Visitor: 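Dumping the structure here so I can ask a few things about it.
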Amino acid sequence: MLAQFSMKNVLSFKDEIVLDMTSIPAYKEHPYNLITGTNDNFVRAAAIYGANASGKSNLYNGIQLFQKIVVSSMNTVAATEDNILKKYFNPFAFEDNNEPSEYQVIFCNTEREYTYGFEFNDEKIISEWLYKKDYKSNRKSILLERTDNDITIGASIRRECEKYKKQVPSETLALTFFSRLSLNTNVFHDVFSEITQMMIVDTKYYENPRIIERLLPEAIDNNKDEIIKFLTAIDTGIKDIFYENIDKKIEFFTYHKGKDSKDYRLNLYSESQGTLKCIILFIVASSIIQHNGIMIVDELNTKLHPLLLKFIIDLFKNEKTTAQLIYTTHDTTLLDKKFFRRDQIWFVQKDEYGYSSLSALSDFRIRSDASFEKDYLSGVYGGIPALTDYSVEAGD
């Protein structure tokens with residue numbers, strides 16, 4: 001599970017921001033929105049609101065850059081190419097800025113918590129750290145600490161890892177390096193897997209025919225009944241979905257029942273963009289939920305009716321899973337105390353100089369009779385566009 005993600009000097013976020021998935025114990029509403037049974041309770045979903053160009057997509061992009069660096073920091077590049085850090089180093093651009101960027105993430109399960117982070121510029125890893133906290137003993141231990149000049153390995157894994165530390169290149173994360181080795185300890189692999197298996201998707205993902213061709217045949221073969229049940233529940237009118245190999249190319253079709261009670265076949269790509277998005281969302285979300293994963297989506301509301309948006313979010317309210325959903329959105333329909341806890345709602349706003357900031361609804365003093373949506377649109381929480389008068393004059 002994701003307990004916390006933070007970053008500093010990345011894209012429009014010059015100062016540190018912290019997205020905290022830990023629930024606030026004082027809030028008693030909507031207990032079904034919580035993952036329990038661990039040392040702390042965590043929210044199953046977090047909604048991030050903000051105006052256009054406020055930086056909310058930069059939060060999504062920042063998480064994606066973090067994942068790419070972890071995945072790719074050991075990749076060999078040609079001599080004529082930039083290294084991975086130069087490729088993914090995107091500091092705040094609107095001031096003279098020689099400072100490094102920084103990321104930190106905290107993952108946990110029922111037994112322990114891992115804190116991992118690193119500081120870097122376009123040339124090298126400046127510092128890196130990995131700590132473990134065992135809930136049973138309440139003891140925190142060092143697994144790895146790195147500075148410009150040295151890597152310190154924690155006592156519990158020193159004997160096994162010490163001999164390799166001099167081999168870690170300055171532009172490579174030690175986490176990535178050690179996760180690729182065949183070691184008796186699983187700590188590096190476990191943290192590496194948590195980061196690399198986060199499902200980070202944007203709107204273009206659902207519209208990509210290659211994604212549909214890769215995911216849908218297996219889903220139809222193995223989980224067709226659930227797909228049909230889902231499509232019926234969201235009122236698409238689709239009675240069946242299948243595929244055929246035509247001229248060595250996979251073609252997808254749906255069946256709809258006509259007024260005359262006959263079945264009529266339709267090419268899948270003739271369905272609405274919202275329906276296509278729902279199908280892929282359902283397949284991906286089902287896999288994430290089954291594997292207790294983390295799904296991060298930019299503009300989840302795009303091409304979805306608010307009720308469909310709620311339907312997708314509600315898939316994660318499954319007490320048998322620890323899966324989590326983090327998404328950005330413009331849709332304020334669900335910005336309501338009937339659906340969300342105060343510690344599930346976040347706002348991104350940008351000031352006149354281009355600095356983005358992140359705040360939680362729980363940071364504000366909320367009246368018991370407050371309307372989250374009304375107050376948000378009134379500017380109480382920030383995260384809305386500052387519009388000025390503008391008119392288009394007719395020509396002569």
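The basis for the numbers below is simple: all heavy atoms, side chains too, and nothing from hydrogens, waters or symmetry mates. Keep in mind it's a predicted model, so treat the numbers as computed, not measured.
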Visitor: Quick test of your reading of the model: are Lys133 and Glu113 salt-bridged, counting only N-O distances below 4.0 Å?
Guide: no
Visitor: Can you see whether Glu160 engages Thr185 through a side-chain donor-acceptor pair at a distance of less than 3.5 angstrom?
Guide: no
Visitor: Are any side-chain N or O atoms of Lys165 and backbone N or O atoms of Ile151, one a donor and one an acceptor, separated by less than 3.5 Å?
Guide: yes
Visitor: How far apart are the closest heavy atoms of Asn83 and Glu123, and which atoms are they?
Guide: ND2-O, 3.8 Å
Visitor: How close do Ala285 and Leu315 get, counting heavy atoms only, and between which atoms?
Guide: CB-CD1, 4.3 Å
Visitor: For a quick check under 3.5 Å, do Glu145 and Thr152 share a side-chain donor-acceptor pair by atom type?
Guide: no
Visitor: So, does Thr322 use its side chain to make a donor-acceptor pair with the main chain of Met1 at under 3.5 Å?
Guide: no
Visitor: Are the side chain of Lys28 and the backbone of Pro25 linked by a donor-acceptor contact shorter than 3.5 Å?
Guide: yes
Visitor: Looking at Lys124, is its backbone amide N or carbonyl O close enough to the side chain of Glu171 to form a donor-acceptor pair, meaning the two atoms are under 3.5 Å apart?
Guide: no
Visitor: Output yes when Glu29 and Arg342 qualify as a salt bridge under the 4.0 Å nitrogen-oxygen rule, no when they do not.
Guide: yes
Visitor: Is a salt bridge present between Glu99 and Lys8, judged by a nitrogen-to-oxygen distance below 4.0 Å?
Guide: no
Visitor: For the residue pair Thr236 and Thr275, confirm or rule out a side-chain donor-acceptor distance under 3.5 Å.
Guide: no
Visitor: Can you tell me if Thr176 uses its side chain to pair, donor with acceptor, with the backbone of Val70 under 3.5 Å?
Guide: yes
Visitor: Counting only heavy atoms from other residues, nucleotides and ligands, does the tally under 6.0 Å from CG of Asp221 exceed 12?
Guide: yes
Visitor: Should Leu281 and Ile220 be counted in the same cluster of Ile, Leu, Val, Met, Phe, Trp and Tyr side chains packed under 4.5 Å apart?
Guide: yes
Visitor: Would you name the heavy atoms of Phe13 and Val348 that are closest together and state the gap between them?
Guide: CZ-CG1, 4.0 Å
Visitor: Output, in order, the C-alpha distance, side-chain angles, deciding distance and verdict of side-chain contact (heavy atoms from CB on, under 4.5 Å) for Phe178 and Ile157.
Guide: CA-CA 11 Å; Phe178 284 114; Ile157 56 174; over 6 Å; no
Visitor: Check whether any side-chain N or O of Asp351 sits under 3.5 Å from a backbone N or O of Gly354 as a donor-acceptor pair, and report yes or no.
Guide: yes
Visitor: Give the cluster check for Met198 versus Tyr88: same hydrophobic cluster or not, with ILVMFWY residues linked at side-chain heavy-atom distances below 4.5 Å.
Guide: yes
Visitor: Can you find a heavy atom in the side chain of Ile153 that is under 4.5 Å from one in the side chain of Tyr164?
Guide: no
Visitor: Is there side-chain contact between Gln64 and Asp298, with heavy atoms separated by less than 4.5 Å?
Guide: no
Visitor: Start with the C-alpha distance between Thr172 and Ile125, add both sets of side-chain angles, then the distance that settles side-chain contact (heavy atoms from CB on, under 4.5 Å), and finish with yes or no.
Guide: CA-CA 7 Å; Thr172 298; Ile125 304 299; over 6 Å; no
Visitor: Does a salt bridge link Arg159 with Glu162, judged by any charged N lying under 4.0 Å from a carboxylate O?
Guide: no
Visitor: Pick from Phe89, Tyr60, Tyr103: which one makes a ring-ring contact (aromatic ring centres under 6.0 Å, His included) with Phe66?
Guide: Tyr103
Visitor: Would you indicate whether His30, at its atom NE2, is surrounded by more than 12 heavy atoms from other residues, nucleotides or ligands within a distance under 6.0 Å?
Guide: yes
Visitor: Compute the ring centroids of Tyr116 and Phe107, then answer whether they are less than 6.0 Å apart.
Guide: no
Visitor: Quick check: are there more than 12 heavy atoms from other residues, nucleotides or ligands sitting under 6.0 Å from OH of Tyr353?
Guide: no
Visitor: Thinking salt bridges, do Arg341 and Asp343 make one under a 4.0 Å N-O criterion?
Guide: yes
Visitor: Between Phe230 and Phe311 (judged by ring centroids, cut-off 6.0 Å), do the two rings come close enough to count as a pair?
Guide: yes
Visitor: For the residue pair Lys140 and Tyr131, would you count it as a cation-pi contact if the rule is NZ or CZ under 6.0 angstrom from the ring centre and within 45 degrees of the ring axis?
Guide: yes
Visitor: Give a yes/no verdict on a cation-pi contact between Arg44 and Phe316, requiring under 6.0 Å between NZ or CZ and the six-membered ring centre and an angle within 45° of the axis.
Guide: no
Visitor: Between Phe92 and Phe94, is the ring centre distance below 6.0 Å?
Guide: yes
Visitor: If only side-chain N and O atoms count, and only distance matters, is there a donor-acceptor pair under 3.5 Å linking Thr22 with Asp40?
Guide: no
Visitor: Does a sphere of radius 6.0 Å around CG in Asp96 hold more than 12 heavy atoms from other residues, nucleotides or ligands, not counting ones at 6.0 Å or beyond?
Guide: no
Visitor: Using modelled atom types and a 3.5 Å cut-off, is there a donor and acceptor pairing between side-chain atoms of Glu251 and backbone atoms of Glu244?
Guide: no
Visitor: So, the side chain of Lys277 versus the backbone of Leu300: is there a donor-acceptor pair under 3.5 Å, distance only?
Guide: yes
Visitor: In the hydrophobic clustering that connects Ile, Leu, Val, Met, Phe, Trp and Tyr at side-chain heavy-atom distances below 4.5 Å, which members other than Leu266 occupy its cluster, ordered by chain and number?
Guide: none
Visitor: Do the side chains of Ile313 and Met295 join up, straight or via other hydrophobic residues, at under 4.5 Å, putting them in one cluster?
Guide: yes
Visitor: Does one side chain, of Thr329 or Asn301, offer a donor that lies under 3.5 Å from an acceptor on the other?
Guide: yes
Visitor: Output, in order, the C-alpha distance, side-chain angles, deciding distance and verdict of side-chain contact (heavy atoms from CB on, under 4.5 Å) for Cys108 and Asn39.
Guide: CA-CA 9 Å; Cys108 64; Asn39 198 53; over 6 Å; no
Visitor: Looking only at non-hydrogen atoms, find the nearest pair between Lys224 and Ile241 and report the distance.
Guide: CE-O, 2.9 Å
Visitor: Measure across Ala3 and Asp20 and return the closest heavy-atom pair with its distance rounded to 0.1 Å.
Guide: O-OD1, 3.1 Å
Visitor: Inspect the surroundings of CD in Glu319 and state if more than 12 heavy atoms from other residues, nucleotides or ligands are less than 6.0 Å away.
Guide: no
Visitor: When you compare the side chains of Thr36 and Asn41, does any donor N or O come within less than 3.5 Å of an acceptor on the partner?
Guide: no
Visitor: Quick one: do Leu308 and Ile228 end up in the same hydrophobic cluster if we chain Ile, Leu, Val, Met, Phe, Trp and Tyr together by side-chain heavy atoms under 4.5 Å apart?
Guide: yes
Visitor: Do the side chains of Leu34 and Val43 get nearer than 4.5 Å, heavy atoms only?
Guide: yes
Visitor: Contact between Ile212 and Tyr269 at the side-chain level, heavy atoms closer than 4.5 Å - yes or no?
Guide: yes
Visitor: For atom CG of Asn184, is the number of surrounding heavy atoms from other residues, nucleotides or ligands below 6.0 Å larger than 12?
Guide: no
Visitor: Using a strict cut-off of less than 4.0 Å between a Lys/Arg side-chain nitrogen and an Asp/Glu carboxylate oxygen, indicate whether Glu213 and Lys249 qualify as a salt bridge.
Guide: no
Visitor: Tell me if a side-chain donor or acceptor on Ser54 pairs with a main-chain N or O of Lys350 at a distance below 3.5 Å.
Guide: no
Visitor: Is there a path of hydrophobic side-chain contacts, each under 4.5 Å between heavy atoms, that joins Trp129 and Phe120?
Guide: no
Visitor: Got more than 12 heavy atoms from elsewhere within 6.0 Å of CD, Glu218?
Guide: no
Visitor: Got Asp331 and Leu309 here, is their nearest side-chain heavy-atom distance under 4.5 Å?
Guide: yes
Visitor: How far does CD1 of Ile280 sit from CG of Asn208, to the nearest 0.5 angstrom?
Guide: 9.5 Å
Visitor: Look at the rings of Tyr243 and Phe252 and say which category their plane angle falls in: under 30° parallel, 30 to 60° tilted, over 60° perpendicular.
Guide: tilted
Visitor: Dump the intermediate steps for side-chain hydrogen bond (donor to acceptor under 3.5 Å, both in side chains) on Ser286 and Glu226, then the final yes or no.
Guide: CA-CA 10 Å; Ser286 296; Glu226 288 299 314; over 6 Å; no
Visitor: Decide side-chain contact (heavy atoms from CB on, under 4.5 Å) for Tyr114 and Leu143; before the verdict, give the C-alpha distance in whole Å, the side-chain angles of both, and the deciding distance to 0.1 Å.
Guide: CA-CA 10 Å; Tyr114 290 109; Leu143 296 174; 4.0 Å; yes
Visitor: When you measure from the side chain of Ser73 to the backbone N and O of Leu173, does any donor-acceptor pair fall under 3.5 Å?
Guide: yes
Visitor: Taking all heavy atoms of Tyr27 and all of Ser362, pick out the closest pair and write down the distance.
Guide: OH-CB, 3.3 Å
